[in-house]
Amino acid sequence: MARLDDVEFSTFMEGVRERNPHEPEFVQAVQDVAEDIFEFIKDKQAYQSAQILRRIAEPDRVVSFRVTWEDDNGEVQVNRGYRVQNNNAIGPYKGGLRFHPSVNESVLKFLAFEQTFKNALTGLPMGGGKGGANFNPKGKSDREVMRFCQSFMTELFRHIGADVDVPAGDIGVGAREIGYMFGQYKRITNHFTGVLTGKGLEYGGSMIRPEATGYGTVYFLENMLKHQGRGLEGMRAVISGSGNVATHAAEKLIHLGAKPVTLSDSGGFIHDPEGLTLEKVQWVKSHKTHRRGRISEYAEEFKGATFHPGETPWSVPCDVALPCATQNELLGADARTLVANGCIAVSEGANMPCDLEAAHYFRGAKTMFGPGKAANAGGVAVSGLEMSQNSSRRSWKEPELQLMLREIMDDIHDRCLAYGQQLGGHVDYVKGANIAGFKKVADAMLAFGVV
Ligand code: NDP
């Protein structure tokens, strides 16, 4: 990774570390982008003197608030809620809400920063934001989740709006939670507007929103392979996670003739050497969503599958890998194992699932490597289309939306190519995505002057 000047880069990163102490995920996300942007702006005085990167790496605002709610035993519970509004240069803030015990300011600032570039890459007018709470929905009753969501929205509502900031789902926030939060927003404000995406179809949701992230991640993978004259047919795929993104990625891989052989959750991974089928994926979706079950039970349900407690799936030999669970779940040693076992392409369904060492290794080994900000942008893209449908008070049909998702993922691939092509035909998708995303936001910020 060539840099404008190692001293200037180190000084910049030192400043980021000092201003954001104890925020390793945020520092990691900024470093990942800065490594490419320093080189890109070397001969571009306008971006340098306007301090564009420094400004994008400082959120517009971070709101943190208390969420008080009562559990089923009548006990008072207190959680911390957040909304990070990173940058709205090209459109209203947009990004998901995460409910998970690991949520803190560092995680949400990294996600909001990444989201800014991702949203720019989609070509749609959306700025970057992210939010959530350190609330653990696991083991909570429906009523407890409802009371938590209502209390969370009772503060969040004053910071969001259809033209201000439009949250969506993320880890721990699916259709159920979006429904409870939308209901509370409407009750408080008396406004029926497209203030959240990922809504149910009955009240303004879009077809294919649940599928969009996983499907888009596979389309991006297919585009990377196609660009090298290859296809997905017959490819063995290792997937982590078993939530929304992972199950829809598995489904699309099967549609396109590939063979997914693993899924995981925080308890371990399952290996099904026969390969998942559409019926098995359907079982997992229903098991995880309706029964709130664990992936370990897959091995009890389907003969030939094994469960590996406490392990990640990266040691299973494969042709392609799709990390679809969470940040920093694939480390440097895992990257080396994957490549040694024949993996030729990685498409990140999750946000920053590969740590810096793993990402550097894949880039150095010239593995096809689709970073999350490009590969998993299909979800937010369809969220953008949900916003358009809400504003125009109409709904597009599924085939139209499927086509639009496909086109958007093809365009994102092209934008990465524009800045990521290397001599000899290899494409550095990380560099391509970072520069294409940065340029769009930066040019808008230049137009606004010093603000
Ligand atoms: P879900 O809540 O539906 O599923 C998350 C999955 O990841 C579960 O299988 C969960 O297992 C597993 N997981 C979560 N934390 C950990 C952990 N610390 N270690 C191991 N496994 C873990 O979330 P999504 O599928 O929606 O999101 C997955 C990733 O994709 C996230 O990085 C998210 O930011 C990203 N993403 C999601 C989008 C969307 O549209 N939903 C859009 C773009 C990116 P368990 O049940 O044990 O917790």
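Atoms within each ligand, like the ligands themselves, are counted from 1 in listed order. Note that the structure is a prediction, hence the values are computed from the model and not measured.
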query: Would you call Glu251 and Lys285 a salt bridge, using N to O less than 4.0 angstrom?
result: yes
Protein contact of [atom] - nearest heavy atom, named by residue and atom, plus distance:
atom: atom 18 (N) of ligand 1; result: Thr326 CG2, 3.7 Å
atom: atom 13 (N) of ligand 1; result: Ala325 CB, 4.1 Å
atom: atom 27 (O) of ligand 1; result: Ile171 CG1, 3.7 Å
atom: atom 11 (O) of ligand 1; result: Asp265 CB, 3.3 Å
atom: atom 44 (C) of ligand 1; result: Asn351 ND2, 3.5 Å
atom: atom 4 (O) of ligand 1; result: Gly243 CA, 3.3 Å
atom: atom 33 (C) of ligand 1; result: Asp170 OD1, 3.1 Å
atom: atom 39 (C) of ligand 1; result: Thr213 OG1, 3.4 Å

field: ligand 1-proximal atoms of Ser264, by part, heavy-atom distance under 4.0 Å
entry: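 Looking at Ser264 and ligand 1, just backbone atoms fall under 4.0 Å.
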message: Heavy-atom pairs closer than 4.0 Å: do any link ligand 1 to the side chain of Arg209, the backbone, both, or neither?
response: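 The part of Arg209 near ligand 1 is the side chain, not the backbone.
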Hey, are the side chains of [X] and [Y] touching, using non-hydrogen atoms and a 4.5 Å cut-off?
X: Gln402; Y: Met207; result: no
X: Pro167; Y: Ile160; result: yes
X: Ile56; Y: Val441; result: yes
X: Thr122; Y: Arg415; result: no

Can you name the atoms of ligand 1, numbered from 1 with element, that are less than 4.0 Å from a heavy atom of [X]?
X: Ser242; value: 9 (O)
X: Gly172; value: 2 (O)
X: Lys138; value: 45 (P), 46 (O), 47 (O), 48 (O)
X: Cys324; value: 28 (C), 29 (C)
X: Asn244; value: 3 (O), 25 (O), 26 (O), 41 (N)
X: Lys288; value: 46 (O)
X: Arg98; value: 31 (C), 32 (O), 33 (C), 34 (O)
X: Arg294; value: 45 (P), 46 (O), 47 (O)

Within 6.0 Å of CG in Asp414, more than 12 heavy atoms from elsewhere: yes
Establish, yes or no, whether the cationic atom of [X] lies under 6.0 Å from the six-membered ring centre of [Y] and within 45° of the ring axis.
X: Arg80; Y: Phe65; result: no
X: Lys280; Y: Phe302; result: yes
X: Lys252; Y: Tyr215; result: yes

- request: Could you point out which residue of Thr367, Val339, Leu225 forms a side-chain contact (heavy atoms from CB on, under 4.5 Å) with Ile344?
  value: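 Result: among Thr367, Val339, Leu225, Leu225 is the only option passing the side-chain contact (heavy atoms from CB on, under 4.5 Å) with Ile344.
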statement: Result for side-chain contact (heavy atoms from CB on, under 4.5 Å) between Cys318 and one of Ile239, Val261, Leu338 points to Leu338
task: May I ask you to check if ligand 1 and Lys118 share an N or O to N or O distance below 3.5 Å?
output: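 Checking ligand 1 against Lys118, no N or O pair falls under 3.5 Å apart.
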- request: Ignoring angles and geometry beyond distance, decide whether Val245 reaches within less than 3.5 Å of ligand 1 through its nitrogen or oxygen atoms.
  value: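 It does: an N or O of Val245 is found under 3.5 Å from an N or O of ligand 1.
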Quick check on [X] - does any of its heavy atoms sit under 4.0 Å from an atom of ligand 1?
X: Ser383; result: no
X: Gln327; result: no
X: Met352; result: no

message: Under the rule for side-chain hydrogen bond (donor to acceptor under 3.5 Å, both in side chains), what residues qualify as partners of Tyr185, not counting sequence neighbours?
response: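 With neighbours one apart ignored, the set is empty.
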message: With a 6.0 Å cut-off on the ring centroids, do His100 and Phe135 count as close?
response: no
message: So if I apply the ring-ring contact (aromatic ring centres under 6.0 Å, His included) rule between Phe152 and each of Phe157, Phe99, Tyr82, which one comes out positive?
response: Phe99
message: Looking at non-hydrogen atoms alone, which of Ser266, Gly268, Gly349, Pro210 comes nearest to atom 20 (C) of ligand 1?
response: Ser266
